[in-house]
2 protein chains.
Amino acid sequence: MRYLMTFSYDGSKYKGYQKQPRMKTIQNEIEKVLTKLNSEKKVAIYASGRTDAGVHAYHQKAHFDLEKEWDLYRLEGSINSLLPKDIHVQKIERVADDFHARFDVKAKEYIYKINMGEYSPIEKDYVYQYNQPLRVIEMERALKYIEGTHNFKSFTKADEEKDDYVRTILSTQIIRDKKDLNRITIVIMGTGFMRYMVRNIVGVLIEVGEGKRKSKDILTILKEEDRTKSGKTAPACGLYLNDVFY
Amino acid sequence: MRYLMTFSYDGSKYKGYQKQPRMKTIQNEIEKVLTKLNSEKKVAIYASGRTDAGVHAYHQKAHFDLEKEWDLYRLEGSINSLLPKDIHVQKIERVADDFHARFDVKAKEYIYKINMGEYSPIEKDYVYQYNQPLRVIEMERALKYIEGTHNFKSFTKADEEKDDYVRTILSTQIIRDKKDLNRITIVIMGTGFMRYMVRNIVGVLIEVGEGKRKSKDILTILKEEDRTKSGKTAPACGLYLNDVFY
């Protein structure tokens, strides 16, 4: 019986999503719980993709197989009662036996939160604290240039080799909080993302916002296909996997 | 030289505001830093009042004396650089030598956050998770009854004896989040508060919101001046000291 689970987590206390021996990871915690509910027969979960240490998720998705057929509501309640408080299952559905939570992804949406105003200790792990105003309109202009299909080699993790660096960005947006104009949320939806890609895009956007680069520079960086040409990787704490689409 | 400091904190990792031997408290952390900056001569801070374990503050205020005259901007920077990341100084002002951050308080504002929608692990320590809809309009009606001057004995901590239980509530409000109607914020401003008073008021409001009590019942509870007549103490995590007025 294959199940698809939608879940959220606070990534601040974890060494990332992916399973690692003797490490506190999101996958470890969930597999422990599912294995327990599966009469101690090992259950593996397959997520839409991993998230790095400190990155959060509002609606991550993963599939897994269980021996018996569960009432979905009861299964959700059982998992949540055993999970730590910083991981939460929102929904469980039955899916076809050949459904795959990673290979079947059509699109993913990430959001990145920046606070340009006064530092708030309440949000220290949940937003990137940037202590000065940024030129948000110029950042939005730069962001629009990455929409479409491009080679994103300049925006990947420096030591990671890939066969294919081409990805398609479907839509982007910068939302300004109406109650607090110092808070912005960068939204990026695409068919696929490589490691550090969103945080490296945000890193360049911040340099644009600082006036160190022009919005059009992002096109040059894309064309160069060279990781040393982009900016700093923005911190993990501002990043959220917001949704996964099939 | 007397200074008045405005500061915010995430109370979730602390045993409350007030100094206690061998405990991690907000006051302990700040006094340690100020003593260091005062050439290791002991500095005591006097806050507008304490907050309990798990309670947060957006704008708490405290006064203290330092030997030398500091540039306020440098002092603020020095304190923040030495404080843990979950306490943050927002402002420091010079005040008269007879100013007292507790005795001179004219009013204080508390807010209490409730989420009636889906549980969010990101906010587990920052909002009271209530898993069903509440009758917010009826709650607001109940809240309005506590405005004015009343004996609040029914709403204090059960084992605490006071000479005087009369306090004045200046204004109240329940704000519904426009983006997410499942989120409400209860605002209570008054000239003074006793221990657990806000959380006990919220406890009764929740019973009103559940339909277990009518809004007018809050008047009966006030009149009875009996702690056993009010409801449960609402959890600490939803409570914030929002502001202090002099």
Side-chain angles (χ1 to χ4, degrees), chain A residues 6-14 17 26 29-30 51 54-60 73 76-77 79-81 83-91 111 113 115 117-129 131 175-180 182-183 185 235-242, chain B residues 6-14 17 26 29-30 51 54-60 73 76-77 79-81 83-91 111 113 115 117-129 131 175-180 182-183 185 235-242:
Chain A
T6 306
F7 57 109
S8 54
Y9 49 84
D10 173 350
S12 60
K13 310 292 178 299
Y14 291 90
Y17 171 80
I26 308 287
E29 296 294 325
I30 297 176
T51 54
V55 176
H56 317 290
Y58 280 133
H59 303 93
Q60 167 69 290
Y73 187 74
E76 187 188 314
I79 299 174
N80 278 330
S81 70
L83 278 176
K85 288 291 228 172
D86 44 15
I87 308 175
H88 177 70
V89 175
Q90 291 156 332
K91 197 170 78 174
I111 65 174
K113 298 186 186 183
N115 178 19
E118 175 112 41
Y119 169 72
S120 164
I122 314 276
E123 292 166 285
K124 76 177 168 52
D125 297 322
Y126 308 110
V127 63
Y128 173 39
Q129 178 62 35
N131 294 308
I175 300 167
R176 255 185 129 127
D177 189 318
K178 278 185 192 116
K179 280 191 287 185
D180 181 353
N182 281 318
R183 289 167 182 277
T185 302
C237 61
L239 185 62
Y240 296 70
L241 172 57
N242 192 38
Chain B
T6 305
F7 56 110
S8 54
Y9 48 85
D10 173 351
S12 60
K13 310 292 178 298
Y14 292 89
Y17 170 79
I26 307 287
E29 296 295 324
I30 298 175
T51 55
V55 175
H56 316 291
Y58 281 132
H59 303 92
Q60 168 69 289
Y73 188 74
E76 186 188 315
I79 299 174
N80 279 329
S81 71
L83 277 175
K85 287 290 227 172
D86 44 17
I87 308 173
H88 177 70
V89 175
Q90 293 157 329
K91 197 170 78 175
I111 66 174
K113 298 187 186 182
N115 178 19
E118 176 112 40
Y119 169 73
S120 165
I122 313 278
E123 292 166 283
K124 76 175 167 52
D125 297 322
Y126 309 110
V127 62
Y128 173 40
Q129 179 62 34
N131 295 306
I175 301 167
R176 255 185 130 125
D177 189 318
K178 277 185 192 115
K179 280 192 287 186
D180 181 352
N182 281 318
R183 289 167 183 277
T185 302
C237 61
L239 186 61
Y240 296 69
L241 172 58
N242 193 39

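Numbered from 1 within each chain, the chains take letters A, B, ... in sequence-line order. Here the structure is a predicted model, which means the values were calculated and not measured. Excluded from the calculations below are hydrogen atoms, water molecules and symmetry mates; all remaining heavy atoms, backbone and side chain alike, are included.
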Check: Under 4.5 Å between any side-chain heavy atoms of B:Y119 and A:N80, yes or no?
Finding: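 The answer is no; the side chains never approach within 4.5 Å.
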Next item on the list: Name the region of B:I87, side chain, backbone, both or neither, that has any atom closer than 4.5 Å to a heavy atom of chain A.
Entry: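 B:I87 touches chain A through backbone heavy atoms alone.
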Notebook entry, point to check: Considering only heavy atoms, which portion of B:K124 lies under 4.5 Å from any heavy atom of chain A: side chain, backbone, both, or neither?
Noted result: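 Only the side chain of B:K124 comes within 4.5 Å of chain A.
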Check: Of all heavy-atom pairs between B:I122 and A:D10, which one has the smallest distance, and what is that distance?
Finding: CD1-CA, 3.9 Å
Next item on the list: Identify the heavy atoms of A:K85 and B:P121 that sit nearest to each other, and give their distance.
Entry: O-CB, 3.7 Å
Next item on the list: Could you look at A:E118 and say if it's the side chain, the backbone, both or neither that has a heavy atom under 4.5 Å from chain B?
Entry: side chain
Item checked: Residue A:Y58 versus chain B: region with a heavy atom under 4.5 Å -> side chain
Note to self: Please rank B:Q90, B:H88, B:H56 by heavy-atom pairs under 4.5 Å with chain A and give me the top one.
What the structure shows: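 The residue among B:Q90, B:H88, B:H56 with the greatest pair count is B:H88.
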Item checked: Other residues, nucleotides, ligands: >12 heavy atoms within 6.0 Å of B:K13 NZ -> yes
